[in-house]
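This report refers to the structure that appears directly beneath it.
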There are 2 protein chains.
Amino acid sequence: MSELARTPNQIGTIIQRARKKRGWTQAQLAERAGLRQETISLIENGGKDAKLTSLLSILAALDLEFKIDARSRSEHRDIEALF
Amino acid sequence: MSELARTPNQIGTIIQRARKKRGWTQAQLAERAGLRQETISLIENGGKDAKLTSLLSILAALDLEFKIDARSRSEHRDIEALF
DNA sequence: GAGCTTTATGCGCTAAATCGCATATTATAA
DNA sequence: TTATAATATGCGATTTAGCGCATAAAGCTC
C-alpha cells in the first residue's frame with residue numbers, strides 16, 4: 001500500500017507513523033539514517049525544508065522508498081466523496 | 001505505472017524523461033515550478049542535493065507525485081533474474 | 001506528585017542549495 | 001557549415017538545512 005506524499009507535512013507524518021510502528025525513538029532512527037534527533041523532529045513536523053538525501057536516508061532506514069507516479073485526483077477516496 | 005526513486009540520479013532521470021515527454025524545455029519547467037533553468041539542470045543530473053520543496057514543485061508542475069511504499073527487492077524484475 | 005525518557009526548541013556555526021547573471025558547451029535545424 | 005535553441009557550467013551573493021550543544025517541553029511509569 002503506497003502512501004501519497006504531496007507536502008512536507010504528509011511526508012513527515014508518514015515517516016513518524018512508520019517509525020512508531022517499528023517502536024523506534026527519533027534518536028534511534030536518526031542514528032540509523034546518519035542524522036540527528038533534532039533533524040528527525042523537524043522533518044516529521046514539516047518544520048524545515050529537508051534535503052533529498054536526508055529523506056532518502058530516513059526512508060532507507062525505515063525500509064521504505066519513494067515512487068513517482070502520475071497524479072491521481074481521487075486516490076484512496078470513496079467515490080461518494082466526489083459528489 | 002510507478003517509477004522507483006531511490007537515488008537523486010534516479011529522480012533526476014525520471015524528471016527529465018517526464019519533461020521531455022511533455023515537450024518542455026528546462027526553462028519552461030523551471031518557470032512552472034518557480035525555479036531556474038540552472039536548478040532544473042542540476043537536479044536532472046543529480047549534481048546537487050535538492051530540497052524537498054523544489055522536488056515537490058517540479059513534480060506538481062509535471063503532474064506527478066511522490067508515493068512512499070515498503071521497499072521491494074525484486075520490483076519490475078523478471079523472476080528469472082533472481083536466480 | 002517524582003523521576004525518567006522522549007520530543008521540541010533555541011542559538012551560533014558550517015556547508016550547501018538556490019538565486020542572478022553571464023557564458024560556455026552541446027544539440028537541433030536549416 | 002552556420003545559425004539558433006537548449007543545456008551545462010562558473011562565480012559571487014543570499015538563504016537555509018543540518019550540525020553541535022544545551023535545554024525546555026511533553027509523555028510516560030511508578
Side-chain angles (χ1 to χ4, degrees), chain A residues 2-71, chain B residues 2-71:
Chain A
S2 346
E3 304 231 32
L4 203 50
R6 285 187 183 173
T7 68
N9 264 304
Q10 287 176 345
I11 293 176
T13 300
I14 293 168
I15 288 172
Q16 187 175 65
R17 265 212 318 277
R19 173 178 64 80
K20 289 183 174 171
K21 188 175 295 182
R22 287 158 181 71
W24 296 351
T25 65
Q26 290 182 346
Q28 288 173 314
L29 174 56
E31 179 167 7
R32 291 174 191 250
L35 300 169
R36 294 184 315 128
Q37 175 264 318
E38 299 90 320
T39 303
I40 302 293
S41 172
L42 287 168
I43 290 176
E44 282 188 357
N45 295 292
K48 277 197 178 178
D49 190 0
K51 290 189 196 177
L52 172 59
T53 53
S54 299
L55 289 171
L56 292 173
S57 301
I58 291 172
L59 293 183
L62 291 166
D63 217 47
L64 299 175
E65 65 191 359
F66 273 131
K67 288 186 178 168
I68 296 179
D69 208 345
R71 277 200 174 216
Chain B
S2 343
E3 304 232 33
L4 203 51
R6 286 187 181 172
T7 68
N9 264 306
Q10 286 176 345
I11 293 177
T13 299
I14 292 168
I15 288 171
Q16 187 176 63
R17 264 214 317 277
R19 173 177 64 79
K20 289 183 175 172
K21 188 176 296 182
R22 285 158 183 73
W24 295 352
T25 66
Q26 290 182 345
Q28 287 174 315
L29 173 57
E31 178 167 8
R32 291 173 192 250
L35 299 169
R36 294 184 317 127
Q37 175 263 319
E38 300 89 321
T39 302
I40 303 293
S41 172
L42 287 167
I43 291 176
E44 284 188 356
N45 294 292
K48 280 199 177 177
D49 189 1
K51 292 189 194 178
L52 172 59
T53 53
S54 299
L55 289 171
L56 292 173
S57 301
I58 291 171
L59 293 183
L62 291 167
D63 216 49
L64 300 175
E65 66 191 358
F66 274 132
K67 288 186 176 167
I68 296 179
D69 208 346
R71 276 200 175 217

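When atom types are taken as modelled, the side chain of B:Arg22 and the backbone of B:Leu62 share a donor-acceptor pair closer than 3.5 angstrom. Side chain of B:Thr13 to backbone of B:Asn9: a donor-acceptor contact under 3.5 angstrom is found.
For A:Glu31, the CD atom counts as loosely surrounded, since its 6.0 Å shell holds 12 or fewer non-hydrogen atoms of other residues, nucleotides or ligands.
Spacing between atom CD of A:Gln16 and atom P of D:dG27 amounts to 12 Å, rounded to whole angstrom units. For B:Glu44 and C:dT26, the CD to P distance is 18 Å, given to the nearest whole Å. Between A:Gln26 atom CD and D:dA26 atom P the separation is 15 Å, expressed in whole Å. One can place CD1 of A:Ile40 at 16 Å from C1' of C:dT9, the figure rounded to the nearest angstrom. Atom CD1 of B:Ile58 is separated from atom C1' of C:dA17 by 12 Å (rounded to the nearest Å).
B:Leu29 is listed as a side-chain neighbour of B:Ile58, based on a closest heavy-atom distance under 4.5 Å. When side chains are defined from C-beta on, B:Glu44 counts as touching B:Arg19, because their heavy atoms get closer than 4.5 Å. In this structure, A:Leu4 and B:Phe66 have side chains that are not in contact, with every pair of non-hydrogen atoms separated by 4.5 Å or more.
At the phosphate of C:dT7, neither OP1 nor OP2 sits under 4.0 Å from any side-chain N or O atom of A:Asn45.
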In B/S/- notation (B base, S sugar-phosphate only, - none; protein heavy atoms under 4.0 Å), nucleotides 12-23 of chain D written 5' to 3' is ----SBBBBBB-

